[in-house]
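Data first, discussion second: the structure below is written as structure tokens.
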Amino acid sequence: MSDAFCSDCKRQTEVVFDHSPGDTMRSECGLVLESHSIDETSEWRTFANESGDNDPVRVGGPSNPLLADGGLSTVIAKPNGTAGEFLSSSLGRWQNRGSNPDRGLILAFKTIATMSDRLGLVATIKDRANEIYKRVEDQKSSRGRNQDALLAACLYIACRQEDKPRTVKEICSVANGATKKEIGRAKEYIVKQLGLETGQSVEMGTIHAGNFMRRFCSNLGMNNQAVKAAQEAVQKSEEFDIRRSPISIAAAVIYIITQLSDDKKPLKDISVATGVAEGTIRNSYKDLYPHVSKIIPGWYAKEEDLKNLCSP
């Protein structure tokens with residue numbers, strides 16, 4: 001909103017700009033002072049203004065500070081038809097001959113973006129993974145290592161640091177063939193390298209069983225009441241010294257909750273949804289069973305219902 005001279009009222013007045021038709025109108029009487037104005041701002045926001053920079057172009061994505069050229073360089077695509085084929089292919093060859101220090105980073109960032117999209121991760125996690133990979137790559141010590149495992153490990157660490165953890169098995173499912181063991185080794189390597197860079201241990205964030213509960217319950221199609229009971233049960237389970245991984249505890253709690261409902265889930269389905277082996281769920285259930293009366297919410301199950309649970 002700004003001030004302008006209204007020819008109808010003969011005085012300065014506040015005006016507003018309607019972006020849809022491109023009209024500048026007086027806010028009080030609605031008189032159109034100027035119509036069909038040309039909007040010279042970006043077609044879509046790059047959020048450059050929010051960082052205090054000026055948006056240099058009308059189109060294109062935001063700049064990437066992790067790349068030497070800011071990610072604003074032009075890549076000549078391969079020709080699709082015969083028209084201009086010679087010129088395009090020649091320019092492409094000349095471009096490929098040129099040294100681009102960011103070529104490896106660009107490919108790595110694309111791979112991380114693809115994995116993030118397949119897991120439904122937010123942009124902040126993807127950006128954190130890019131930053132972690134760039135820091136490791138700058139140390140020039142990752143040559144000869146499994147690249148797919150390294151990128152997957154960066155994404156795993158980013159999820160942990162952004163308090164949105166994913167299991168190694170979930171990361172492995174989008175890691176282009178890298179195994180859980182390879183990702184685990186890559187994770188240890190990255191943590192070690194980042195520790196050497198900063199001179200202190202890398203903060204990974206604490207994993208709680210509750211971090212996985214809503215997603216696991218959604219995979220099983222559990223109703224809202226069962227999900228709420230499972231979340232409360234997981235929180236209460238932290239009061240006891242149950243020496244199992246948070247993921248195993250989450251799977252065992254889901255097993256108990258579903259056994260107390262009309263919609264019972266087979267152990268095999270819970271294993272598939274959580275990525276925890278059936279034997280591990282059984283063993284975690286054994287550890288939880290002595291505390292089940294204190295863990296399961298009273299509004300969800302009565303004492304006689306708990307007594308009917310199968311003993312481990």
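Computed from a predicted model, the values in this text were never measured in an experiment.
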Legend entry - Approximate separation, where rounding is to 0.5 Å, of Ile242 CD1 and His291 NE2: 5.0 Å
Inset, instruction - Using the salt bridge (charged side-chain N to carboxylate O under 4.0 Å, His left out) rule, take Arg215 and Glu170 through it: C-alpha gap first, then chi angles, then the decisive distance, then the call. - result: CA-CA 12 Å; Arg215 191 167 69 257; Glu170 288 177 300; 2.8 Å; yes
Legend entry - Minimum heavy-atom distance between Pro246 and Ile207, given as atom pair plus value: CG-O, 3.5 Å
Inset, instruction - Using a 4.5 Å cut-off on heavy atoms from C-beta on, say whether the side chain of Ile296 contacts that of Val253. - result: no
Inset, instruction - Determine the sole option in Leu309, Leu306, Ile295 for which the side-chain contact (heavy atoms from CB on, under 4.5 Å) test with Ile256 is passed. - result: Leu309
Legend entry - Pair Tyr133-Leu105, side-chain contact (heavy atoms from CB on, under 4.5 Å): steps then yes or no: CA-CA 9 Å; Tyr133 179 79; Leu105 283 178; 3.7 Å; yes
Inset, instruction - Give a yes or no answer on whether the side chain of Ser248 reaches the backbone of Arg244 with a donor-acceptor pair at less than 3.5 Å. - result: no
Inset, instruction - May I have the step-by-step check of side-chain contact (heavy atoms from CB on, under 4.5 Å) for Gln235 and Gln231, ending in yes or no? - result: CA-CA 6 Å; Gln235 288 183 337; Gln231 289 176 320; 5.9 Å; no
Inset, instruction - Work out which heavy atom in Asn211 is nearest to a heavy atom in His208; give both atom names and the distance. - result: OD1-N, 2.8 Å
Legend entry - Heavy atoms from other residues, nucleotides or ligands near NZ of Lys294 exceed 12 (cutoff 6.0 Å): no
Legend entry - Within residues 255-274 or reaching into it, pairs that qualify as ring pair (Phe, Tyr, Trp, His ring centres under 6.0 Å) - sequence neighbours excluded: Tyr255-Tyr285
Legend entry - Sidechain-backbone polar pair: Ser237 side chain, Val234 backbone, donor-acceptor under 3.5 Å: yes
Inset, instruction - Go through the side-chain N and O atoms of Gln225 and Trp299 and say whether any donor and acceptor fall under 3.5 Å apart. - result: no
Legend entry - Considering all heavy atoms, the nearest Ala158-Ile132 contact: N-CD1, 4.0 Å
Inset, instruction - Locate the shortest heavy-atom distance separating Ile270 from Ala251; write the atom from each residue and the value. - result: CG2-O, 3.9 Å
Inset, instruction - Hey, could you give me the CZ/SG distance between Phe212 and Cys217, rounded to the nearest 0.5 Å? - result: 13.0 Å
Legend entry - Interatomic spacing from OG in Ser173 to CZ in Arg166 - rounded to 0.5 Å: 10.5 Å
Legend entry - Nearest non-hydrogen partners of Ile257 and Ala230, listed with the distance: CG1-CA, 3.9 Å
Inset, instruction - Kindly indicate whether the side chain of Ile157, heavy atoms from C-beta on, has any atom under 4.5 Å from the side chain of Gln161. - result: yes
Inset, instruction - Check the pair Arg282 / Glu278 against salt bridge (charged side-chain N to carboxylate O under 4.0 Å, His left out), numbers first and verdict last. - result: CA-CA 6 Å; Arg282 289 193 188 96; Glu278 295 182 31; 3.7 Å; yes
Only distances under 3.5 Å count here; give the side-chain donor-acceptor pairs of residues 110-124 to other protein atoms, sequence neighbours excluded, each with its distance to 0.1 Å.
from: Thr111; atom 1: OG1; to: Leu107; atom 2: O; distance (Å): 3.0
from: Thr114; atom 1: OG1; to: Lys110; atom 2: O; distance (Å): 3.0
from: Ser116; atom 1: OG; to: Ile112; atom 2: O; distance (Å): 2.8

Legend entry - Gap between atom CG of Leu267 and atom OG1 of Thr258 - 0.5 Å precision: 9.0 Å
Legend entry - side chain to side chain donor-acceptor pair (under 3.5 Å) pairs, two or more places apart, involving residues 174-187: Asn146-Glu182, Thr179-Glu182
Legend entry - Salt bridge Lys307-Asp305, side-chain N to carboxylate O under 4.0 Å: no
Legend entry - Audit row: Thr167, Tyr156, side-chain contact (heavy atoms from CB on, under 4.5 Å) steps and yes/no: CA-CA 8 Å; Thr167 65; Tyr156 174 81; over 6 Å; no
Legend entry - Lys265/Asp263 salt bridge by N-O under 4.0 Å criterion: yes
Legend entry - Neighbour count above 12 (heavy atom, 6.0 Å) for Glu304 CD: yes
Legend entry - Geometric cation-pi criterion, Arg145 with Tyr189: 6.0 Å, 45°: yes
Inset, instruction - Could you give me the CA-CA distance, side-chain angles and deciding distance for Ile249 and Glu238, then say whether side-chain contact (heavy atoms from CB on, under 4.5 Å) is met? - result: CA-CA 10 Å; Ile249 293 175; Glu238 295 181 355; over 6 Å; no
Legend entry - Hphob cluster co-occupancy, Phe216 + Val272, side-chain heavy atoms under 4.5 angstrom: no
Legend entry - Minimum heavy-atom distance between Gln147 and Ala108, given as atom pair plus value: NE2-CB, 4.4 Å
Legend entry - Spacing of Leu151 atom CG and Ile171 atom CD1 [to the nearest 0.5 Å]: 11.5 Å
Inset, instruction - Could you give me the CA-CA distance, side-chain angles and deciding distance for Lys264 and Asp262, then say whether salt bridge (charged side-chain N to carboxylate O under 4.0 Å, His left out) is met? - result: CA-CA 6 Å; Lys264 292 179 173 57; Asp262 295 331; 5.6 Å; no
Legend entry - Polar side-chain atom of Asn283 near backbone of Gly279 as donor-acceptor pair, under 3.5 Å: yes
Inset, instruction - Could you tell me the separation between the CG atom of Leu155 and the CG atom of Leu150, rounded to the nearest 0.5 Å? - result: 12.0 Å
